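This report concerns only the one structure given below.
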Amino acid sequence: MKYWLFKSEPEVFSIDDLAKEKKQTTYWDGVRNYQARNFIRDEMRMGDKVIFYHSNEKPPAAVGICEIVIEAYPDFTAFDANDPHYDPKSKKDSPAWFMVDIKFIKKFINPVSIGEIKLNKKLGKMRLVQKGSRLSVIPLTKDEYDEVVKMGS
DNA sequence: GCCAACGTTGGC
DNA sequence: GCCAACGTTGGC
């Protein structure tokens, strides 16, 4: 099993929005970065665990856990000219962009802020806190995942 | 609101 | 294939 961190701006889509969905699932659309795309398309598997992270919040923080329930399929928002994530490069017969579905598991009792993550020596190698890392979908080791869950619970 | 870091685009 | 210009991300 693999472990991931997904960033979202809570103004756009928060973990509470996910928890409020009818089946507590959503499709993770709008990833338009090739490295992140490759993680989604090639590496994410059913049951992988995902830390949900709020960016552009005060402070930015890991706020809960979810899991992958549907593996990669074409991101249909790329085909829709009226969608903000529209990308004419992506064709239905050769899609450039993919998405997975995730399901809510739980919110952290204590959100883990980026400051706390930076202070924890065990988390020093997380790509989230490395300089210039702007990936919206980040792989975690099991140890990193377990540590963040421990801090949040 | 600022700005550093990064990815992408497009002219050459 | 290089690289300057540009747009975006996201912490502060």
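Note on naming: letters A, B, ... go to the chains in the order of the sequence lines (proteins, then strands), and numbering restarts at 1 for each one. Computation of the quantities below employed the complete heavy-atom set of this structure, encompassing side-chain atoms and omitting hydrogens, waters and symmetry-equivalent molecules. Just so it is clear, the structure is predicted and the values come from calculations on it, not from any experiment.
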Could you tell me the boundaries of the chain A footprint on DNA chain B, defined by atoms under 4.0 Å from its heavy atoms?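 So the contact region on DNA chain B extends B:dA5 to B:dT9.
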Pairs meeting criterion side chain to side chain donor-acceptor pair (under 3.5 Å) with involvement of residues 21-31 of chain A, two or more places apart: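 Checked against side chain to side chain donor-acceptor pair (under 3.5 Å) - neighbours excluded - no pair reaches residues 21-31 of chain A.
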Answer yes or no: is there a donor N or O on one side and an acceptor on the other, between the side chain of A:N120 and the main chain of A:I117, under 3.5 Å?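 Between the backbone of A:I117 and the side chain of A:N120 there is no qualifying donor-acceptor contact (under 3.5 Å).
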For A:K58, answer base if it contacts any base atom (sugar-phosphate contacts may also be present), sugar-phosphate if it contacts only those atoms, and nothing otherwise; contact means non-hydrogen atoms under 4.0 Å.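 Result for A:K58 = nothing.
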Around A:K122, counting heavy atoms of other residues, nucleotides and ligands shown, do more than 12 lie under 6.0 Å from its NZ?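 It does not: A:K122 NZ has 12 such atoms or fewer within range.
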Between A:D75 and A:T77, a side-chain donor and acceptor under 3.5 Å: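 Judged by distance alone, the side chains do pair up.
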Do A:W97 and A:Y34 have ring centroids that are under 6.0 Å from one another?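 Ring centroids of A:Y34 and A:W97 are less than 6.0 Å from each other.
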